[in-house]
Amino acid sequence: MLNLHAREYVNRVTDPIGRALVERGLTPNTVTVVGTVGASAAALWFFPRGELAIGPWVITFFVLLDLVDGAMARAGGKGTAFGAVLDSTCDRIADGALLAGLTWWCLGVGEERVLGIAAMICLVSSQLISYVKARAEGMGLDADGGLVERAERLIVVLLGTFLHGVGVPYALHVALWGLAAASVYTVLQRLVLVHGSARDQAR
């Protein structure tokens, strides 16, 4: 949903930044890797230690680099097939590290073992959402769309974590359980889309 409605406004902000970075000799792939390493390291450092208020801010900074690398590719005309695959792969790594860090906290210092189940559901389903689309597109089928895509998942998780970190009761519980339900629904939604696309293709 955010990809559809917010892309134009986000591009107005990121495109000038992307052009400036390209002019300084940076490449989109470099920014992609730096963002992924930074976000993953922050998630696996701050969350297991229970630093849930500062962690989301650091992760958000590095996640925003994912917007900039696309702007850099457009500005420099350096978008490549490898860059697209690298970007998607790095997205999965960062998402996995984020939810793994939260699961680690739930099962460790957070002492929230039941909530850890929700975190694990989010972890697995977030990977499945992307996998179903990639596998379908590889077969020439359409699986575009869904209730919660990456942008929505990141906003829900990072906001819920931050609110919990500053003492808002049950903020993370609502975020993770709500996202778990929405993510499972999105997996099923995409499978239905693929089924319909396959049926149309057969005709």
Side-chain angles (χ1 to χ4, degrees), residues 1-4 29 32-48 52 55-56 59-60 62-67 69-70 81-108 110 112-161 172-195 197-198:
M1 290 184 291
L2 286 176
N3 286 343
L4 177 64
N29 290 349
T32 297
V33 172
V34 169
T36 300
V37 171
S40 300
L44 296 175
W45 173 260
F46 288 109
F47 288 169
L52 305 187
I59 294 166
T60 297
F62 285 107
V63 165
L64 289 176
L65 292 179
D66 187 50
L67 302 176
D69 64 4
F82 171 74
V85 173
L86 177 66
D87 184 62
S88 295
T89 302
C90 286
D91 286 349
R92 305 292 80 74
I93 293 172
D95 292 354
L98 171 62
L99 290 165
L102 279 177
T103 302
W104 191 347
W105 174 80
C106 290
L107 302 180
E112 293 278 2
R113 296 196 174 189
V114 176
L115 186 60
I117 297 173
M120 286 188 283
I121 293 173
C122 291
L123 172 59
V124 174
S125 59
S126 69
Q127 303 298 316
L128 280 175
I129 289 170
S130 300
Y131 175 79
V132 170
K133 181 178 180 179
R135 188 74 176 100
E137 290 178 346
M139 300 291 291
L141 303 174
D142 180 33
D144 198 19
L147 179 62
V148 286
E149 298 191 56
R150 188 173 188 247
E152 290 89 348
R153 295 196 301 270
L154 289 171
I155 290 171
V156 169
V157 170
L158 292 173
L159 181 59
T161 303
L172 188 57
H173 295 72
V174 172
L176 287 182
W177 282 114
L179 183 61
S183 296
V184 170
Y185 176 81
T186 302
V187 172
L188 297 175
Q189 190 178 17
R190 285 197 166 176
L191 287 173
V192 170
L193 289 171
V194 173
H195 180 267
S197 180

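- Between E149 and E152, the shortest heavy-atom contact is N-OE1, 3.0 Å.
- Put simply, the side chain of S125 gets close to the backbone of I121: a donor and an acceptor are under 3.5 Å apart.
- The heavy-atom pair separating A39 from V63 by the smallest distance is CB-CG2, 4.3 Å.
- For the pair W177/V114, a side-chain contact is recorded, criterion being any heavy-atom separation below 4.5 Å from C-beta on.
- Contact of the D95 side chain with the V157 side chain is not registered, since no non-hydrogen atoms from C-beta on lie closer than 4.5 Å.
- Using modelled atom types, one finds no donor on one side chain facing an acceptor on the other under 3.5 Å when comparing S183 with R153.
- In this structure, D87 and F82 have side chains that are not in contact, with every pair of non-hydrogen atoms separated by 4.5 Å or more.
- Between atom OG1 of residue T60 and atom CG of residue L154 there is a gap of 8.0 Å, rounded to the nearest 0.5 Å.
- S40 contributes no side-chain N or O that, together with a main-chain N or O of A97, makes up a donor-acceptor pair within less than 3.5 Å.
- Residues P56 and L159 are not in side-chain contact: their nearest non-hydrogen atoms beyond the backbone lie 4.5 Å or more apart.
- Nearest approach of R92 to R150, heavy atoms of both residues: NH2-CD, 3.8 Å.
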- request: Kindly determine whether L176 and V156 satisfy side chain to side chain contact (heavy atoms under 4.5 Å, CB included), including the steps that lead there.
  value: CA-CA 8 Å; L176 287 182; V156 169; over 6 Å; no

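- We find the CG-CG distance between L115 and L107 to be 9.0 Å, quoted to the nearest 0.5 Å.
- For the atom pair CD1 (I117) and CD (E112), the distance works out to 11.5 Å, reported to the nearest 0.5 Å.
- For the pair L65 and T32, the minimum side-chain heavy-atom distance is 4.5 Å or more.
- Among all heavy-atom pairs drawn from V194 and A136, the shortest one is CG2-CB, 3.6 Å.
- Of the possible donor and acceptor atoms, none in the side chain of S88 sits under 3.5 Å from a partner among the backbone N and O of V85.
- Annotation: the span from I93 atom CD1 to L98 atom CG amounts to 13.5 Å, rounded to 0.5 Å.
- How far CG of L102 is from CG of L172: 6.0 Å, rounded to the nearest 0.5 Å.
- A 4.5 Å side-chain heavy-atom check between T161 and I59 finds every atom pair outside the cut-off.
- Pairs engaging residues 113-142 under the salt bridge (charged side-chain N to carboxylate O under 4.0 Å, His left out) rule: K133-D144 [sequence neighbours left out].
- You'll find the side chain of R190 reaches within 4.5 Å of the side chain of I129, heavy atoms only.
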- request: Mind running side chain to side chain contact (heavy atoms under 4.5 Å, CB included) on Y131 and V187 for me, showing each step along the way?
  value: CA-CA 9 Å; Y131 175 79; V187 172; over 6 Å; no

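- The shortest distance between side-chain heavy atoms of F62 and V37 does not fall below 4.5 Å.
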- prompt: Taking it one step at a time, do F47 and T103 satisfy side chain to side chain contact (heavy atoms under 4.5 Å, CB included)?
  reply: CA-CA 9 Å; F47 288 169; T103 302; over 6 Å; no

